[in-house]
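Report on the structure given below.
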Number of protein chains: 2
Amino acid sequence: MRADALKNHEKILEVAAQVFSERGLDAPIDDIATRAGVGAGTLYRHFPTRDDLIDAVVKSWMNQVDATADDVVASDLPPREALLSWFDAYVTRISRNKGGPAKITGAMGNADSPIYTKCETLRAANERVLGSLRERGELRSDIDSLEVCRLVGAVAVVADQGGLPPESVRSMLNVVIDGLLNSPS
Amino acid sequence: MRADALKNHEKILEVAAQVFSERGLDAPIDDIATRAGVGAGTLYRHFPTRDDLIDAVVKSWMNQVDATADDVVASDLPPREALLSWFDAYVTRISRNKGGPAKITGAMGNADSPIYTKCETLRAANERVLGSLRERGELRSDIDSLEVCRLVGAVAVVADQGGLPPESVRSMLNVVIDGLLNSPS
DNA sequence: GCACGAAACGGAGGAAGTCTCCGTATACTG
DNA sequence: CAGTATACGGAGACTTCCTCCGTTTCGTGC
């Protein structure tokens, strides 16, 4: 890759992260180009679709997801608290930018999406948490990690779109958690 | 209202229902105007915002919601089956047009939305079903009908956006239902 | 009937956003 | 330092939204 191309690539990424966090994932592409000091053509050459750009931006903060999942697995919290803590982190993570939950949850399980690998990271992390509960027989067996991602992602979508407060999220998550656990309260 | 205005109003409504079901609630407004044989200005005079138009279109099939809720309440089904039957109908109803779940669930609880009254109809119907279970002590008490609407609506949103099959919806609904009911399975 | 004012129409066009095309400029290679 | 592959940039085509205002139509009173 040519030196100027590399420089632009990085500049675009840096500006995109900034703009996405200010105005959401639907922010005008041309604005990002302008603020990065490049032409629209240049931006589109580097990132042909909006999703390609989102994928690149999201990449950096997706690593922490694995760490969070491992923490929860290692934590010895009771099932209910473990799930709440994990789902809460999950929702927070994908809700970092407005429009993020819909984007990510919509691509969940769709191998053609440019952001599929990110979804897979999330799904795998979720599988690890669920797996540790399943081993102990705490979890219902008729639902897989993909569907749990969709369900928790769904909560994040409505919270994001409706501007709901954390309490609402938590009370919806509590219902989901009770639905996932085997035993009585 | 003048006779020509009335005629146009009805024609627009008829065409909008058609176009929305073909192409989803995001279909271009100008297309609807063209296909209704009126100018864009005319359409916008009758329905200043897209939501006003959606509200008018949705009005007709919102009545059946009350009937469905009453059927479920009267049916004497066991709690689990009653809720599944009701939620399934709920999801089906709001998913009639692509984009419908997001629109409706996003407006849920937001009194400023032009489609608020429709949301209230749904919420009230949901409250009736939940109330009949609550009376019998079957339901957890720390969640209200609005949040249940959001939760079930959330399932519909991801199913709509991801093109999920009815089985996926049903298995997510089952989790929600188990989370809402008090007793063990 | 007919004329007149109010009501309604319609589509041109501005604004915002997406994305492409291609003439121009720049970086690397030998 | 010349030549070529690579990359740049922004004009502009296209789409959709929505408004503005000159023109048309309706319905009423005479």
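The structure displayed is predicted, hence computed values, not measured ones.
The distance from atom CG of A/Asp26 to atom C1' of C/dA16 is 14 Å, rounded to the nearest whole Å. Summarising the geometry, the separation between CE on B/Met1 and C1' on D/dT28 is reported as 19 Å, rounded to the nearest angstrom. Taking atom CG of residue B/Leu43 and atom C1' of nucleotide D/dT16, one finds them 14 Å apart after rounding to whole Å. The nearest whole Å value for the distance from the CZ atom in B/Arg35 to the C1' atom in D/dT16 is 17 Å. Distance, B/Ile32 CD1 to D/dT16 P: 12 Å, rounded to whole Å. If you take CG of B/Leu53 and P of D/dC18, they are 12 Å apart, rounded to a whole angstrom. For the pair B/Phe47 CZ and D/dC17 C1', the interatomic distance rounds to 17 Å; values are reported in whole Å. Residue A/Leu6 contributes atom CG, which lies 15 Å from atom C1' of D/dC8 at whole-angstrom precision.
Between the side chains of B/Trp86 and B/Asp71, no donor-acceptor pair is found at a separation under 3.5 Å. Side-chain N/O atoms of B/Asp31 and B/Thr34 include no donor and acceptor closer than 3.5 Å. Of the N and O atoms on the side chains of A/Gln18 and A/Glu22, at least one donor lies less than 3.5 Å from an acceptor on the other residue.
One cannot find a donor-acceptor pair under 3.5 Å joining the base of C/dC9 and the side-chain atoms of B/Asp4. Taking only distance into account, the side chain of B/Arg45 never meets the base of C/dA8 through a donor-acceptor pair shorter than 3.5 Å. Between the side chain of B/Arg2 and the base of D/dT25, at least one donor-acceptor pair of N or O atoms lies under 3.5 Å.
A salt bridge is defined here as a Lys NZ or Arg NE, NH1 or NH2 lying under 4.0 Å from an Asp or Glu carboxylate O, and B/Glu120 with B/Arg123 meets this definition.
Taking 4.0 angstrom as the limit, B/Asn8 places a side-chain polar atom (N or O) nearer than this to OP1 or OP2 of C/dC9. In this model, the phosphate group of D/dC8 is approached by a side-chain N or O of A/His46 to a distance below 4.0 Å at OP1 or OP2. Regarding contacts with the backbone of D/dG9, a side-chain N or O of A/Thr42 is found under 4.0 angstrom from either OP1 or OP2.
Residue order along DNA chain C, read from the 5' end via each residue's closest nucleotide, puts B/Val38 first among B/Val38 and A/Asp30. Nearest-nucleotide positions on DNA chain C place B/Ala40 closer to the 5' end than the other of A/Thr49 and B/Ala40.
Counting non-hydrogen atoms under 4.0 angstrom, A/Ala3 reaches the backbone sugars and phosphates but no base.
Taking the side chain of A/Arg50 as heavy atoms from C-beta on, and the options C/dA8, C/dT18, D/dC8, the nearest nucleotide is C/dT18. Checked against D/dT16, C/dC19, C/dC9, the side chain of A/Tyr44 finds its nearest nucleotide in C/dC19.
Note on ring orientation: taking the six-membered ring where Trp is involved, the planes of A/Phe47 and A/His9 are tilted (angle from 30° to 60°).
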